[in-house]
Amino acid sequence: MQFFNFPSKKQYYSTNSFKNLIIISCFGCIIYFICSIFLARNNTNKHLHTSISLQNDENLSLQTNLDHVVFGIASNELSWSKRKEYVKLWWKPPKMRGCVFLEKMPVFSSNETNDESLPPICISEDISDFRYTHKGGTPSAIRVARVVSETVGLNYSNVRWFVFGDDDTIFFPENLVKTLSKYDHGFWYYIGTNSESFMQNKYFSYEMAFGGAGFAISYPLAKVLAKVFDSCIERYPHLYGSDGRIHACLSELGVGLTREPGFHQMDFHRNVFGMLAAHPLRPLVSMHHMEEIDPIFPNMTTVKALEHLYNAANFDPHRILQQTVCYDRWFSWTVSVSWGYAVQVFDKHVLLPNVQRVQESYAPWKNSHLGGLYDFDTKKYESDPCQRQLVFFMDKVSSGINGTETIYKKKTSEKCKFDMSSPRRLEKIRVLSNKLVLDKQQLLAPRRHCCDVLPSTSGNVMEVAIRECKEDELIYMQH
């Protein structure tokens with residue numbers, strides 16, 4: 001009989017210890033190998049992440065400026081000779097790039113041919129192959145809509161934003177750039193605003209940027225839109241305007257409107273004082289329909305009045321039209337400063353929310369039962385000037401060691417009865433302010449500035465100082 005020879009206890013432990021040592025060594029090698037790979041990958045990813053972060057920091061450090069913007073301006077041969085005066089107000093050669101699109105070259109005088117104060121003229125491509133079936137409009141809407149794709153087709157380099165407007169749209173370039181700088185130009189953005197008129201928005205669309213107010217499209221979105229635009233607009237021959245076609249094609253791409261209240265369609269007639277005196281708490285970017293409204297300053301032509309506004313904007317572009325409200329507690333007056341435009345003095349205590357409501361000084365865009373409805377808070381504008389608040393319009397602006405000084409004066413001479421406690425005895429208002437510098441936090445979460453009515457040495461001059469509000473400061477009448 002054969003028996004198995006089992007190892008002795010000493011031999012058993014010696015053999016197993018050797019085997020365990022081998023197993024442990026192999027296991028340790030495997031662990032070391034895995035850890036080495038992990039650490040190598042982690043270091044590589046860390047290095048790559050650091051590189052990407054540094055690259056992003058470098059890109060973010062280069063703020064959006066006018067060099068990154070290309071303009072496409074829609075005009076026509078007949079209107080350009082007159083409306084180019086509006087474009088001259090804001091066009092800044094050689095900083096700005098872009099084109100004015102006409103259906104054909106106008107006849108110029110010899111001194112107009114090389115006018116470097118205006119953008120170059122581009123002749124629009126033929127649109128005869130596109131259908132237009134809207135009975136109340138004109139096929140030129142197709143040509144104007146294609147300004148978007150034709151501007152992209154100019155192939156400018158280093159572009160972040162394409163901005164479009166009409167020949168009677170005026171822009172405030174510093175505020176346009178500041179507004180666009182809030183957004184990442186690497187994403188798809190369609191930025192603009194609606195009409196002020198409820199009826200216009202209801203008829204066209206609340207999701208459409210009205211072309212007269214101007215609108216901006218980020219570079220990557222504009223490149224894609226230009227590729228598909230002609231095939232898209234063939235599906236919309238029934239639409240009225242150019243902006244409707246652009247909105248329709250952007251909708252097909254899945255992009256919605258990002259609203260910015262600094263753009264203004266200005267669907268009004270006549271006196272737009274109420275709108276300008278209660279401007280939203282955002283930088284003024286654009287205004288439209290300059291020929292449809294009264295000159296914004298009394299006793300001036302439309303162009304001269306706009307030049308006057310731009311003169312103030314040159315001193316402090318971000319503060320232009322920004323409304324600041326303070327109270328004179330000695331006389332219970334309410335003072336509203338729309339910087340660079342007008343100062344209103346109410347001879348009574350008016351609560352801040354009521355001061356901010358837009359006075360209906362204008363006439364509606366359309367005469368109908370819905371024409372007088374608007375998509376913002378409004379209040380009545382007194383027809384009797386003696387019952388109305390006193391208004392002082394900006395007369396001049398200057399800069400000194402104590403900041404910017406604007407002088408506002410009465411431009412009308414109503415024969416109203418008043419006593420010495422009435423603001424009607426005032427002849428001039430002096431407003432002192434520091435230049436408004438908007439950082440990204442203030443752009444994303446703006447806060448209205450405060451002001452103080454200062455002691456004055458003259459009975460007919462009021463002095464007001466604008467400043468940042470304290471952290472917990474409230475704007476109200478203190479008794």
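Being a predicted model, the structure only gives us computed values, none of them experimental.
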Could you list the donor-acceptor pairs under 3.5 angstrom formed by side chains in residues 217-229, with sequence neighbours left out?
| unit_1 | atom_1 | unit_2 | atom_2 | d |
| --- | --- | --- | --- | --- |
| S218 | OG | F187 | O | 2.6 |
| S218 | OG | Y189 | N | 2.9 |

Is it true that D267 and S195 share a donor-acceptor pair across their side chains at a distance under 3.5 Å? yes
Can you tell if the side chain of Q344 reaches within under 4.5 Å of the side chain of F273, non-hydrogen atoms only? yes
With sequence neighbours excluded, tell me which residues meet ring-ring contact (aromatic ring centres under 6.0 Å, His included) with W365. H269, H289
Y203 OH: over 12 foreign heavy atoms closer than 6.0 Å: no
With I466, the side-chain contact (heavy atoms from CB on, under 4.5 Å) member among T406, V431, T404: V431
Pairing donors with acceptors under 3.5 angstrom, does anything connect the side chains of T378 and E360? yes
Not counting sequence neighbours, which residues clear ring-ring contact (aromatic ring centres under 6.0 Å, His included) with H68? List them please. none
Going through the distances and angles, do C450 and C469 end up as a disulfide bond (SG atoms under 2.5 Å apart)? CA-CA 5 Å; C450 290; C469 297; 1.9 Å; yes
Would E382 and Q387 count as having a side-chain donor-acceptor pair, cut-off 3.5 Å? no
Compute the centroid of each ring, for Y310 and then for F172, and state whether the two points are separated by less than 6.0 Å. yes
Between the main-chain N or O of R143 and the side-chain N or O of S140, is there a donor-acceptor pair closer than 3.5 Å? no
Taking only residues two or more places apart in sequence or in another chain, which ones pass side-chain hydrogen bond (donor to acceptor under 3.5 Å, both in side chains) with K411? D395
Can you list everything that forms a side-chain hydrogen bond (donor to acceptor under 3.5 Å, both in side chains) with S433? Sequence neighbours excluded, please. W339
P173 backbone acceptor or donor facing N175 side chain under 3.5 Å: no
Can you find a pair of side-chain heavy atoms, one from F210 and one from N201, that are under 4.5 Å apart? yes
Any disulfide bond (SG atoms under 2.5 Å apart) involving residues 70-107? Give me the pairs, sequence neighbours left out, ordered by first then second residue. C99-C122
Test item: F171 and V69 side chains (from C-beta on) under 4.5 Å apart, heavy atoms: no
Keeping the roles fixed (side chain from N65, backbone from D67), state whether a donor-acceptor pair exists under 3.5 Å. yes
Note, Q200 side chain near K366 side chain (heavy atom, < 4.5 Å): yes
Under 4.0 Å between a side-chain nitrogen and a carboxylate oxygen: does that hold for R245 and E234? no
For Y240, does the OH atom sit with more than 12 other heavy atoms under 6.0 Å from it, leaving out its own atoms? no
What I want to check is whether the side chains of D375 and N194 have a donor and an acceptor closer together than 3.5 Å. no
Got a donor-acceptor contact below 3.5 angstrom from the R357 side chain to the P353 backbone? no
Going by an N to O cut-off under 4.0 Å, is there a salt bridge joining E174 and K92? yes
What do you reckon, are the aromatic ring centroids of Y341 and F393 less than 6.0 Å apart? yes
So, K104 side chain and E77 main chain: donor-acceptor pair closer than 3.5 Å or not? no
Sort and list the pairs that fulfil disulfide bond (SG atoms under 2.5 Å apart) and have at least one residue in residues 250-280, not counting sequence neighbours. none
Would you call D115 and K88 a salt bridge, taking side-chain N to carboxylate O under 4.0 Å as the test? yes
In the structure I gave you, are the side-chain heavy atoms of N311 and K396 within less than 4.5 Å of one another anywhere? no
Go through the structure and list residues passing ring-ring contact (aromatic ring centres under 6.0 Å, His included) with F215, not counting sequence neighbours. F164
Looking at side-chain heavy atoms only, is the closest gap between L351 and Y476 below 4.5 Å? no
Between E291 and T302, do the side chains contain an N or O donor and an N or O acceptor separated by less than 3.5 Å? no
Measure the OG1-CE distance between T169 and M290 for me, rounded to the nearest 0.5 Å. 8.0 Å
Partners meeting side-chain hydrogen bond (donor to acceptor under 3.5 Å, both in side chains) with R146 (sequence neighbours left out): E125, E150, D230
Angle class for the Y183/W161 ring planes (parallel below 30°, perpendicular above 60°, tilted otherwise)? perpendicular
Donor-acceptor contact present, side-chain T258 to main-chain I191, <3.5 Å: no
Can you tell me if K178 uses its side chain to pair, donor with acceptor, with the backbone of L438 under 3.5 Å? yes
Not counting sequence neighbours, list each pair that qualifies as a disulfide bond (SG atoms under 2.5 Å apart) and has a residue in residues 178-211. none
Just by modelled atom types, is the P446 backbone N or O under 3.5 Å from a matching donor or acceptor in the R282 side chain? no
Exactly one of K82, R83, K84 should register a salt bridge (Lys or Arg N to Asp or Glu O under 4.0 Å) with D167. Which one does? R83
For residues 242-318, the disulfide bond (SG atoms under 2.5 Å apart) pairs (sequence neighbours left out) are C232-C249
ring-ring contact (aromatic ring centres under 6.0 Å, His included) partners of H318, counting only residues at least two apart: none
CG/D294 to OH/Y362 distance, rounded to the nearest 0.5 angstrom? 14.0 Å
Of the options Q356, H279, H449, which is the one that meets Q323 in a side-chain contact (heavy atoms from CB on, under 4.5 Å)? Q356
Is it the case that more than 12 heavy atoms not belonging to E473 sit under 6.0 Å from its CD atom? yes
